[in-house]
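The model shown is predicted, which means the values in this text are computed figures rather than measured ones.
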Amino acid sequence: MSDTKTSPKPADAAEPDAERLSTAPEENDSVPAGMGVLGWLRWFWRQLTSMRVALLLLFLLSLAAIPGSLVPQNTNAFKVAAWKNTHKGVAPLFEKLQLFDVYSSVWFSAIYILLFVSLAGCILPRTWQFVGVLRAQPPTAPRNLTRMPVYAAWHTGADPEAVNAAAHRLLKKRGFRAAAGSGSVAAEKGYLREVGNLLFHFALFALLAGFAWASLFSGSGTKIVLEGQGYSNTTTQLDDFTGSAFYGVDDLDAFGFKLDGFTAEYQTQGPAAGTAKEFVANVRYWDGADSGKQKNARIEVNHPLEVGGSKVFLTAHGFAPVVTVRNAKNEVVYRGPTPFLPRDSNVTSPGVIKVNDYGADAQGNKTQLAFKGFFLPTAAADFTGTGPISVFPAAADPRLVLNVYAGDLRTDSGLPQNVYELDDKAMTQLKVNDAPATAILKVGEGWELPDGYGTLTFDGYQQWANFTVSHRPGNAVALLGAVAAVLGLIGSLFVQRRRIWVRATTGADGRTLVEIAGLGRSESARTAEELAEIAVDLQDDAPAAEEPPATEEPPGSESPEDDAPAAADSPAAAVPTAPETKE
């Protein structure tokens with residue numbers, strides 16, 4: 001009878017080529033003894049390039065990146081200064097540990113470089129070994145096929161050479177890499193598993209290389225642009241700029257654009273009222289130094305403008321109240337829009353209007369004015385208990401709420417100062433009846449300032465858009481690496497490496513014995529099913545022969561066959577019936 005069996009045990013150590021299906025280098029943890037410095041260096045290299053250490057370094061890299069997200073980085077000097085001022089006790093320690101420059105710190109760079117070296121040392125020999133496996137013929141059939149995890153056998157009247165030739169054709173037709181040997185056929189399949197492993201490692205290497213490329217050759221800056229105004233990509237026009245080791249102010253791409261208009265639409269009803277439906281900045285841009293050749297474009301959230309080697313992202317929008325300030329002599333000392341920055345989803349926008357060139361006060365002393373307050377696109381009917389707030393992000397009922405200060409703005413002190421905040425250390429808040437002077441203005445209304453400082457008129461408002469100009473050349477490499485890593489992982493998880501051997505030989509009784517055995521990288525029912533399908537297909541060229549009827553022995557007599565192995569262990573005991581699977 002034909003027989004197919006599976007065994008929970010793999011092939012024994014006597015068949016090393018049949019058992020080892022992986023091209024991963026074998027790890028050796030033994031410490032060299034008496035080999036000197038060279039031996040220790042070899043041992044250290046083996047440890048560094050092992051998969052275990054690579055995974056450990058990858059885990060350490062993810063841990064090392066955590067402080068970069070919790071502690072403000074020097075790319076934002078204002079946040080770092082504020083953090084240091086709040087945590088004066090630990091700030092010096094954080095400085096020594098380079099926690100304000102995590103991604104360029106010595107310890108983060110060391111982990112990053114070690115991970116690169118570890119991956120390279122793991123990938124190169126593994127790739128070379130895999131190339132050798134591809135160039136080599138599949139391992140020849142083991143001497144004892146019955147010891148394979150999956151096995152089938154039957155007798156046939158066909159010629160052994162014809163059976164082996166038919167098996168060779170059948171296996172190649174089924175996608176196996178087959179090689180005919182002396183009286184047997186060896187075949188192998190599932191190389192995509194190891195290809196997937198290598199692809200995953202190469203992709204991880206490319207991912208890290210992309211991040212490294214981006215960190216060394218990238219830069220970004222932000223700019224608030226009012227409707228009707230333009231922008232040229234120079235550091236003098238950027239509100240802030242963050243460069244890198246090989247990308248500075250002299251490397252900015254030459255281009256510019258003009259913001260013709262900004263459109264924002266919101267949900268007006270239902271539970272999603274106030275949610276943005278559309279943010280669109282309509283611009284005209286030019287590439288290079290010639291601003292005469294302009295093209296129209298729309299910049300939307302997650303749809304940046306790509307020009308040169310940079311991308312222009314739309315990141316925020318808000319309003320800039322337009323005011324006119326006159327001094328006591330009715331001279332215009334300030335006129336124009338001032339961007340106020342939103343602090344919530346309804347665009348409640350605090351801000352400061354600084355009048356540096358006010359002139360002299362009533363006593364003839366040189367002074368400066370500042371107006372601090374809120375622009376409310378849709379003001380609440382009552383501020384009691386809440387303070388000035390907006391109840392809707394669109395400008396349905398705008399109000400300007402202001403307090404006024406007089407004194408020295410300290411803009412000439414040489415110290416860095418945030419243009420959107422007020423340094424009131426040398427300023428005095430003006431009051432009326434011992435209460436802070438406050439005005440709530442509609443468009444077109446004016447305010448007579450206390451103590452004879454003149455007037456302020458709320459002329460209207462303009463919209464502004466905040467753009468982030470980013471130059472990151474490694475993003476495409478990192479994205480490609482991430483996609484390739486997923487594909488490689490899929491291949492390594494779902495493709496099974498397996499080998500099939502077919503041997504047809506002439507037995508002592510003159511009949512041909514056909515043996516088929518299979519070995520998979522991991523235990524899987526699919527290996528037994530595939531071998532059974534091959535056995536059934538092969539019987540078209542090697543049909544199972546009828547076994548002679550067994551003769552009855554007299555009682556008490558013994559036959560040499562009594563000591564023969566069972567069908568599952570002895571191919572000679574197989575009978576010519578359809579293959580049968582035994583678990």
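- Note: F458 and W447 fail the aromatic proximity criterion, with ring centroids not under 6.0 Å apart.
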F200 vs L198, side chain to side chain contact (heavy atoms under 4.5 Å, CB included): CA-CA, chis, key distance, verdict: CA-CA 5 Å; F200 176 78; L198 292 174; over 6 Å; no
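- Screening D240, D239, T468 for a side-chain hydrogen bond (donor to acceptor under 3.5 Å, both in side chains) involving T222 leaves a single residue, D240.
- Aromatic pair Y247/F217: centroids not less than 6.0 angstrom apart.
- Under the 3.5 Å distance criterion, with hydrogens and angles disregarded, a donor-acceptor pair is assigned to the side chains of N233 and Y231.
- Side-chain atoms of R335 and T324 include a donor-acceptor pair closer than 3.5 Å.
- L57 is not listed as a side-chain neighbour of Y112, based on a closest heavy-atom distance of 4.5 Å or more.
- Summarising the local packing, CH2 of W107 is surrounded by more than 12 heavy atoms from other residues, nucleotides or ligands at distances under 6.0 Å.
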Trace of the side chain to side chain contact (heavy atoms under 4.5 Å, CB included) decision for I299 with V283: CA-CA 7 Å; I299 306 177; V283 301; 4.0 Å; yes
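- In this structure, Y461 has its ring center under 6.0 Å from that of F375.
- A distance-only check finds no donor-acceptor pair linking the side chain of N466 to the backbone of H317 [under 3.5 Å].
- In summary, K372 and E421 do not engage in a salt bridge, as defined by a charged side-chain N under 4.0 Å from a carboxylate O.
- For D251, the CG atom sits in a packed shell: over 12 heavy atoms of surrounding residues, nucleotides or ligands are nearer than 6.0 Å.
- No donor-acceptor pair under 3.5 Å is formed between the side chain of E227 and the backbone N or O of Q462.
- A donor and an acceptor atom, one from each side chain of N346 and T348, are nowhere located under 3.5 Å apart.
- The aromatic rings of Y266 and F279 sit perpendicular to each other, their planes meeting at more than 60°, with 30° as the lower class boundary.
- Counting only N and O atoms by type, the side chains of T234 and T236 include a donor and acceptor under 3.5 Å apart.
- The cationic atom of K84 (NZ for Lys, CZ for Arg) lies less than 6.0 Å from the six-membered ring centre of F100 and within 45° of the ring axis.
- Side-chain contact check for D397 and T378: no donor-acceptor pair (N or O, by modelled atom type) lies under 3.5 Å.
- Judged by distance alone, with hydrogens and angles left aside, the side-chain atoms of H201 form no donor-acceptor pair with the main-chain N or O of C122 at under 3.5 Å.
- One distance of note links OG of S470 with NZ of K311; it measures 8.0 Å at 0.5 Å rounding.
- In this structure, CD in Q463 is found 6.5 Å from CZ in F262, a value given to the nearest 0.5 Å.
- For H87, the NE2 atom sits in a packed shell: over 12 heavy atoms of surrounding residues, nucleotides or ligands are nearer than 6.0 Å.
- A donor-acceptor pair shorter than 3.5 Å can be found between the side chains of D253 and S310.
- Under the 3.5 Å distance criterion, the side-chain polar atoms of Q368 are matched with a main-chain donor or acceptor of N356.
- Between V323 and Y334, the closest side-chain pair of non-hydrogen atoms falls below 4.5 Å.
- A 4.5 Å side-chain heavy-atom check between F467 and L259 finds at least one atom pair inside the cut-off.
- Residues satisfying the ring-ring contact (aromatic ring centres under 6.0 Å, His included) test with F205, not counting sequence neighbours, are F116.
- Rounding to the nearest 0.5 angstrom, the gap separating the CZ atom in F257 from the NZ atom in K223 is 9.5 Å.
- Within 6.0 Å of CD on E448 lie no more than 12 heavy atoms contributed by other residues, nucleotides or ligands.
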